[in-house]
Amino acid sequence: MNINGAKAILYSLANQGVELLFGYPGGAIMPTYDALYSMKEKLRHVLVRHEQGAIHAAVGYARATGKVGVCIATSGPGATNLITGIADAMLDSVPVVCIVGQVATDYLGTDAFQEADIIGMTVPVTKWNYQITCAKEIPAAIAKAFRVAASGRPGPVLLDITKDAQVECFAYRQPDDVAAKKKMQRQAVPDEAIKQAAALINQAKKPYLLVGHGVLISGAQAALKQLAEKADMPVASTLLGLSAFPSGHRLFKGMLGMHGNYAANMLSNEADVILAVGMRFDDRVTGNLKEYIKQAKVIHIDIDQAEIDKNVASCVAIEADAKQALQALLPHVAHHQHSQWHQQFSSHYKLEYERVIQDEIHPHEGQIKMAEVVHMLSEKTEGKALLITDVGQHQMVAARYYQFDQPNSHITSGGLGTMGFALPAAIGAKLGAMQRDVVAIAGDGGIQMNIQELAVVAQEKLPLKIIILNNSYLGMVRQWQELFFEKRYAFTALENPDFVAIAHAYGLRASKVTARGQLSSAMDVFLNTPGAYLLEVAVQTQENIFPMVPSGASVSETRLS
């Protein structure tokens, strides 16, 4: 079949099972968009309003579906606008393929109009990137891009395709990718390490199971639950591991990290054996590494060898897929009961409930609190919604107070902490999971970074629900300024627009809540109104999020106030 490179791009994407693209057209990618015009029935294209919206939407789609997300942009500023989202995908292990146009081969290196060295710029934040200057390279390069993005520890891939490669004709043939795929098959689980890990768990008096994003990526939730129940192990989750284990389960002790639960953090430094699965011991989880879990024998399961022993030394290292490793471990683990160990968690939780939680979810006076909004949302949706959060105080509150009942129900920007993530990521997630109730939660600061993507919600007629928790501040930064910078509130107060009017301008339903008595009925309207709906809630302006592990402190120094 003799076709041009632009059609070869689209045929190759279709052969990879792609059904949805997020993108924004421009000069250097125009031949591909022209070819897309005749393939609209086979490849659905969603026109975002900013290229950052395209990459975040592709990430949301990938995380909601387990498939590879795809975005497309032009050269120069179109390509560079993707970089923040690519870095986000790299740190959070999300498989996305980014296809960008480039100036014609003869103009490379001449500082031509909208030329940028996107290959050089994205080397540190991609698993693989490659510049295509010849049309015949396209099929094999796209096949490899999807293979690399999805294999091992997933991540982003970028293909930079010159304009002449898009218009050049060649004899198209889909590559035979079987041999290449075999080379990248998952490694076998090391049997001896499994037996050593089981022996440690069976001997433990205070075992502790730490759950990361890798559990969700590998689909290991069922095996994780079986293992935890059999060994009677307390379970705590990283921010990205949330929903891998049911929030209401008796073994679940909450979230780890800077604003995690008191028991989950404090008792990390009392466990004698820690089984860490699909998590990388990042600084927000560990606090001061010199004071972190020095008493524990650590079993670390991770598919990425580079993460093992990087921050925390392991006693037993298992480089393997989380699901395969847990399934291999399960038969070797004995039935146990650790009632006294669980009682310690209960005592710590009681203290946190009395000092923090009770007043946050059931306040009797003052302004509405973020926690009571999230708690109410959790109850009214029975913990079954797919939650997409932005970055800031609301992100921590949502993670702490939404009771996740179903796996893969929490999508947020973890490693990079990208404000502006929630709205476009929720668009991608909703398009990938139309059968689920998808709720985006954002702060008044973050929502304005990509608020233009409301146009996509309107144009695509997406029944997406959006909550803005408006405290008129960059709340997380303000909290640090209060606690650590002697209340010098440098440029964190916000004079916000009328968010309801903005939603109405895009043709979306919206309303605002300013009083506690309005909240429940407004939430019912928000959830039960067909189609998209934006609910703005005016919340306490100078609320702080506790517990908190101060930067550089030990998790044993977790503050309740």
Side-chain angles (χ1 to χ4, degrees), residues 239 242-243 246-248 252 254-255 259 261 349 352-390 392-406 409-412 422-423 426 429-430 436-444 446-447 463-472 475 499-500 503 508-547:
L239 176 66
L242 288 171
S243 80
S247 298
F252 188 67
M255 183 176 72
H259 292 288
N261 292 97
Y349 175 77
E352 182 183 352
Y353 186 84
E354 291 172 351
R355 296 271 300 274
V356 179
I357 296 172
Q358 182 173 249
D359 183 58
E360 290 202 335
I361 62 175
H362 298 302
H364 298 295
E365 57 186 9
Q367 294 173 290
I368 299 170
K369 293 196 172 186
M370 288 181 279
E372 64 179 305
V373 179
V374 173
H375 178 69
M376 183 180 290
L377 176 70
S378 181
E379 289 192 328
K380 288 181 180 291
T381 58
E382 300 179 337
K384 299 185 188 307
L386 172 51
L387 222 60
I388 322 294
T389 63
D390 216 271
Q393 286 184 317
H394 72 276
Q395 177 190 32
M396 296 297 103
V397 170
R400 284 173 50 78
Y401 291 106
Y402 195 87
Q403 296 292 296
F404 298 99
D405 182 66
Q406 296 183 359
S409 293
H410 178 248
I411 297 174
T412 195
L423 178 55
K430 183 62 181 178
R436 297 196 65 179
D437 293 326
V438 177
V439 180
I441 301 181
D444 47 314
I447 192 69
L464 179 64
K465 308 299 183 182
I466 303 157
I467 295 177
I468 298 175
L469 297 178
N470 184 355
N471 60 9
S472 298
F499 292 114
V500 171
L508 304 176
R509 296 182 180 89
S511 62
K512 182 175 181 176
V513 174
T514 57
R516 181 166 288 112
Q518 304 168 338
L519 184 59
S520 182
S521 58
M523 184 79 73
D524 288 336
V525 172
F526 167 75
L527 291 171
N528 297 322
T529 299
Y533 200 106
L534 185 149
L535 178 65
E536 178 188 356
V537 183
V539 296
Q540 186 173 323
T541 54
Q542 296 195 29
E543 183 179 358
N544 289 332
I545 310 302
F546 289 102

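Numbering starts at 1 and runs along the sequence shown. In this text the structure is predicted, and so the values were computed from the model without any measurement.
Judged purely by distance below 3.5 Å, without hydrogens or angles, the side chains of S243 and S409 never pair a donor atom with an acceptor atom.
Ring to ring, F404 and H410 are close: their centroids are under 6.0 angstrom apart.
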- [ ] Take T412 and L239 through the side-chain contact (heavy atoms from CB on, under 4.5 Å) test and state the conclusion after the steps.
- [x] CA-CA 8 Å; T412 195; L239 176 66; 3.8 Å; yes
Task: Evaluation steps, side-chain contact (heavy atoms from CB on, under 4.5 Å), between L534 and L508 - done: CA-CA 7 Å; L534 185 149; L508 304 176; 5.8 Å; no
TODO: Step by step, work out the side-chain contact (heavy atoms from CB on, under 4.5 Å) result for Y401 and L377.
DONE: CA-CA 9 Å; Y401 291 106; L377 176 70; over 6 Å; no
TODO: Please step through side-chain contact (heavy atoms from CB on, under 4.5 Å) for the pair I447 and N470, ending with a clear verdict.
DONE: CA-CA 10 Å; I447 192 69; N470 184 355; over 6 Å; no
Side-chain donor-acceptor distances from residues 526-533 under 3.5 Å, at least two apart:
from : atom 1 : to   : atom 2 : distance (Å)
N528 : ND2    : D524 : O      : 3.0
T529 : OG1    : V525 : O      : 2.5
Y533 : OH     : S511 : OG     : 2.8

Return a table of donor-acceptor pairs under 3.5 angstrom between the side chains of residues 361-372 and protein atoms on other chains or two or more places apart.
from : atom 1 : to   : atom 2 : distance (Å)
Q367 : OE1    : T541 : N      : 3.3
K369 : NZ     : D359 : OD2    : 2.7
E372 : OE1    : R516 : NE     : 3.0
E372 : OE2    : K369 : N      : 2.8
E372 : OE2    : R516 : NE     : 3.2
E372 : OE2    : R516 : NH2    : 2.8

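Closest approach of A422 and I388 over heavy atoms only: O-CG2, 3.7 Å. The shortest heavy-atom contact between V439 and A385 is CG2-CB, 4.3 Å. The shortest heavy-atom contact between A442 and H394 is CA-NE2, 3.6 Å. Shown here for L386 and A429, the closest heavy-atom pair between the two residues is CD2-CB, 4.2 Å.
Residue-environment remark: CG (D405) exceeds the threshold of 12 foreign heavy atoms within 6.0 Å.
Pairs engaging residues 534-546 under the salt bridge (Lys or Arg N to Asp or Glu O under 4.0 Å) rule: K512-E536 [sequence neighbours left out].
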